[in-house]
Trainee: 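For reference, the structure I am asking about is given below.
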Amino acid sequence: MKSLIVYSSQSDNTKKLADAIYESLDGEKDIFPVDQAPLPQGYDMTFVGFWMMAGKPDPKTSEYLEKLEKGDCLFLFGTHGAAAGSDHVKNAIDHAIGLKNDAEIKGVFTCQGEVNPKVLEKVKQKPEPPVWIKDADNAIGHPNGKDIQGLINTIRSL
Ligand SMILES: Cc1cc2nc3c(=O)[nH]c(=O)nc-3n(C[C@H](O)[C@H](O)[C@H](O)COP(=O)(O)O)c2cc1C
């Protein structure tokens, strides 16, 4: 089993998930930031991780997902300021799934990720703050050990 882990991360939350996946996997494995990542041809499973921006996967990950093809097996993971299971997150996951062409989704895991405090303060000041901001204070300290365990359990149950 040969695995590829591709991730995008500005403030390391998503990288923490990517590193945990890498550590947990047996067999041949490679890990790359998205802007250095190869396409998945030749890999049995590709784990693609995004951080959420403006209700969607970040632009670099979106671009990568659009290059996937039929025959690619995909596990999507991500972090966000919004509450897990919220409509905001569900819509973003649906959006990500819509980008992947005919690649086959084997699983999805997302959790909250602490929002950069400077960004958080700036966004809170907006006349009409985005819907996800109300959950962002609860994202402090995430991803934590429980999030990482949830991710690993999800992957092991595939
Ligand atoms: C510019 C910017 C836009 C963001 N937009 C959203 C958003 O639309 N929805 C959301 O839930 N979180 C949003 N976030 C929060 C991040 O997705 C979250 O903190 C994530 O864990 C960051 O991951 P990283 O540390 O891997 O970069 C935004 C953060 C930034 C900096």
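In this text the structure is predicted, and so the values were computed from the model without any measurement.
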Trainee: Could I get the full list of side chain to side chain donor-acceptor pair (under 3.5 Å) partners for D58, not counting sequence neighbours?
Mentor: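 Result, side chain to side chain donor-acceptor pair (under 3.5 Å) vs D58: S8, T61.
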Trainee: How would you list, by chain and number, every residue that makes a side chain to side chain donor-acceptor pair (under 3.5 Å) with K15, sequence neighbours excluded?
Mentor: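 Expected list: D19.
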Trainee: For Y43 and D30, which I'm curious about, is there any donor-acceptor pair between the side chains at under 3.5 Å?
Mentor: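 There is such a pair between these side chains.
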Trainee: With sequence neighbours excluded, tell me which residues meet side-chain contact (heavy atoms from CB on, under 4.5 Å) with A18.
Mentor: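 side-chain contact (heavy atoms from CB on, under 4.5 Å) list for A18, sorted by chain: I5, Y7, I31, F77.
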Trainee: For P38, does its backbone N or O pair with a side-chain atom of Y64 as donor and acceptor, under 3.5 Å?
Mentor: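 Indeed, once roles are kept as given, a pair shorter than 3.5 Å links the two residues.
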Trainee: Could you list all the salt bridge (charged side-chain N to carboxylate O under 4.0 Å, His left out) pairs where at least one residue sits in residues 98-126, not counting sequence neighbours?
Mentor: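 Output for this query lists E104-K106, K124-D137.
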Trainee: Measure the shortest side-chain to side-chain distance between M52 and P57 over non-hydrogen atoms and say whether it is less than 4.5 angstrom.
Mentor: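 No, too far: nothing below the 4.5 Å cut-off.
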Trainee: Do T154 side-chain atoms and G150 backbone N/O form a donor-acceptor pair below 3.5 Å?
Mentor: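 The answer is yes, because a donor-acceptor pair under 3.5 Å joins these two groups.
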Trainee: So, do I133 and L120 sit near enough that their side-chain heavy atoms are less than 4.5 Å apart?
Mentor: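 The answer is yes, as the side chains (C-beta and beyond) meet within the 4.5 Å cut-off.
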Trainee: Does NZ belonging to K56 count more than 12 external heavy atoms closer than 6.0 Å?
Mentor: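 No, because the 6.0 Å sphere around NZ of K56 holds 12 heavy atoms or fewer from other groups.
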Trainee: Could you check if a side-chain atom of L17 sits within less than 4.5 angstrom of a side-chain atom of C111, using non-hydrogen atoms only?
Mentor: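 With C-beta onward as the side chain, the pair touches.
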Trainee: Which one of I93, T110, V115, D135 satisfies the side-chain contact (heavy atoms from CB on, under 4.5 Å) criterion with H80?
Mentor: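 That would be T110.
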Trainee: Does F75 have any ring-ring contact (aromatic ring centres under 6.0 Å, His included) partners at least two apart in sequence or in another chain, and if so, which?
Mentor: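 If we apply the ring-ring contact (aromatic ring centres under 6.0 Å, His included) test to F75, skipping adjacent residues, the hits are F47.
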Trainee: Find out whether L158 and M45 are in side-chain contact, i.e. whether some heavy atom of one side chain is under 4.5 Å from a heavy atom of the other.
Mentor: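 They are in contact (side-chain heavy atoms under 4.5 Å apart), so the answer is yes.
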Trainee: With a sphere of 6.0 Å drawn around CG of D94, does it hold more than 12 non-hydrogen atoms of other residues, nucleotides or ligands?
Mentor: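 Yes, enclosed.
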Trainee: Do side-chain atoms of D72 reach the backbone of P40 as a donor and acceptor pair under 3.5 angstrom?
Mentor: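 Pair absent, no side-chain N/O of D72 close to backbone of P40.
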Trainee: Measure from the side-chain N and O atoms of D147 to the backbone N and O of N144, and report whether any donor-acceptor pair falls under 3.5 Å.
Mentor: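 Yes; at least one donor-acceptor contact below 3.5 Å.
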Trainee: With H88, which residues qualify under side chain to side chain donor-acceptor pair (under 3.5 Å), at least two apart?
Mentor: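 By the side chain to side chain donor-acceptor pair (under 3.5 Å) rule, H88 matches no residue at all.
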